[in-house]
Chemist: 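The structure is given below, and queries will be raised subsequently.
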Amino acid sequence: VLTHDMMVEGVHVLSGQDPADIAWKLVAVNLSDLAAKGAEPVGVLLGHMLGDGDTRFIDGLRDVLDAYDVPLLGGDTVRGHGPRAWGLTAIGRATHTPVPSRSGARPGDLVYVTGA
């Protein structure tokens, strides 16, 4: 099971937000997508735009990956101008057969939010 999410500064995260918190959010949204498909994480690939606070981002990334026992398998870094952007691909192994589908959603179904 594969999932990928992007985050852009000023759109998905606040400008000036603690980079450690950005790393946590980036990993958490991807692991949540794997969980929704009944998959256990195998690892992640990171796309990281270099800039201020990289040490804090790495600290937060290490903490969240350690907390969920998920390895960083690789990725890429770039330097750019303007708002920063981050991407993460999470790779998971299906734990159910068949893999749960999201195609059954219907108007009136309930949506559950698990956290702020």
Chemist: Looking at CG of L65 and CG of L61, how far apart are the two atoms once the value is rounded to the nearest 0.5 Å?
Modeler: 4.5 Å

Chemist: Please determine whether the number of non-hydrogen atoms from other residues, nucleotides or ligands lying under 6.0 Å from atom CG of D69 exceeds 12.
Modeler: no

Chemist: Looking only at heavy atoms, what is the nearest atom pair of G75 and L45, with distance?
Modeler: N-CD2, 4.4 Å

Chemist: Check whether any side-chain heavy atom of V70 lies under 4.5 Å from a side-chain heavy atom of V44, and answer yes or no.
Modeler: yes

Chemist: If we ignore hydrogens and angles and just use 3.5 Å, is the side chain of H96 paired with the main-chain N or O of G38 as donor and acceptor?
Modeler: no

Chemist: Write out all pairs satisfying salt bridge (Lys or Arg N to Asp or Glu O under 4.0 Å) with one or both partners inside residues 9-18, taking only residues at least two apart or from two chains.
Modeler: D18-R56

Chemist: Where is the tightest heavy-atom contact between A85 and M6, given as atom of each residue plus distance?
Modeler: CB-CE, 4.2 Å

Chemist: With rounding to the nearest 0.5 Å, note down the distance linking CD in Q17 to CD1 in I22.
Modeler: 5.0 Å

Chemist: Examine distances only and state if a side-chain atom of K25 and a backbone atom of H12 form a donor-acceptor pair shorter than 3.5 Å.
Modeler: yes

Chemist: Examine V42 and L31 and state if one hydrophobic cluster contains both, with Ile, Leu, Val, Met, Phe, Trp and Tyr joined whenever side-chain heavy atoms are less than 4.5 Å apart.
Modeler: no

Chemist: Would you mind reporting whether T3 and T89 have side-chain heavy atoms less than 4.5 Å apart?
Modeler: no

Chemist: Are L2 and L73 in one and the same hydrophobic cluster, where Ile, Leu, Val, Met, Phe, Trp and Tyr link if side-chain heavy atoms are under 4.5 Å apart?
Modeler: yes

Chemist: Hey, quick one: are V27 and L72 part of the same hydrophobic cluster, counting side-chain heavy atoms closer than 4.5 Å, chains of contacts allowed?
Modeler: yes

Chemist: State, to 0.1 Å, how close L34 and A90 come at their nearest heavy-atom pair, and which atoms those are.
Modeler: CD1-CB, 3.8 Å

Chemist: How long is the gap from CG on L88 to CG on L26, to the nearest 0.5 Å?
Modeler: 4.5 Å

Chemist: List for me each residue that meets side chain to side chain donor-acceptor pair (under 3.5 Å) alongside W86, sequence neighbours excluded, and say none if there are none.
Modeler: H48

Chemist: Between L50 and V78, is there a side-chain heavy-atom distance shorter than 4.5 Å?
Modeler: no

Chemist: When you check the gap from the basic side-chain N to the acidic O, do D54 and R84 get nearer than 4.0 Å?
Modeler: yes

Chemist: In plain terms, say whether D109 and R106 are close enough for a salt bridge, that is, a side-chain N and a carboxylate O under 4.0 Å apart.
Modeler: no

Chemist: If you take all heavy atoms of G60 and A23, which pair is closest and at what distance?
Modeler: C-CB, 3.8 Å

Chemist: If I compare all heavy atoms of G53 with all of P19, which pair ends up nearest, and what's the gap?
Modeler: O-CB, 3.4 Å

Chemist: Are side-chain heavy atoms of L46 and F57 found at a separation under 4.5 Å?
Modeler: yes

Chemist: I need the N30 CG to D5 CG distance, nearest 0.5 Å.
Modeler: 4.5 Å

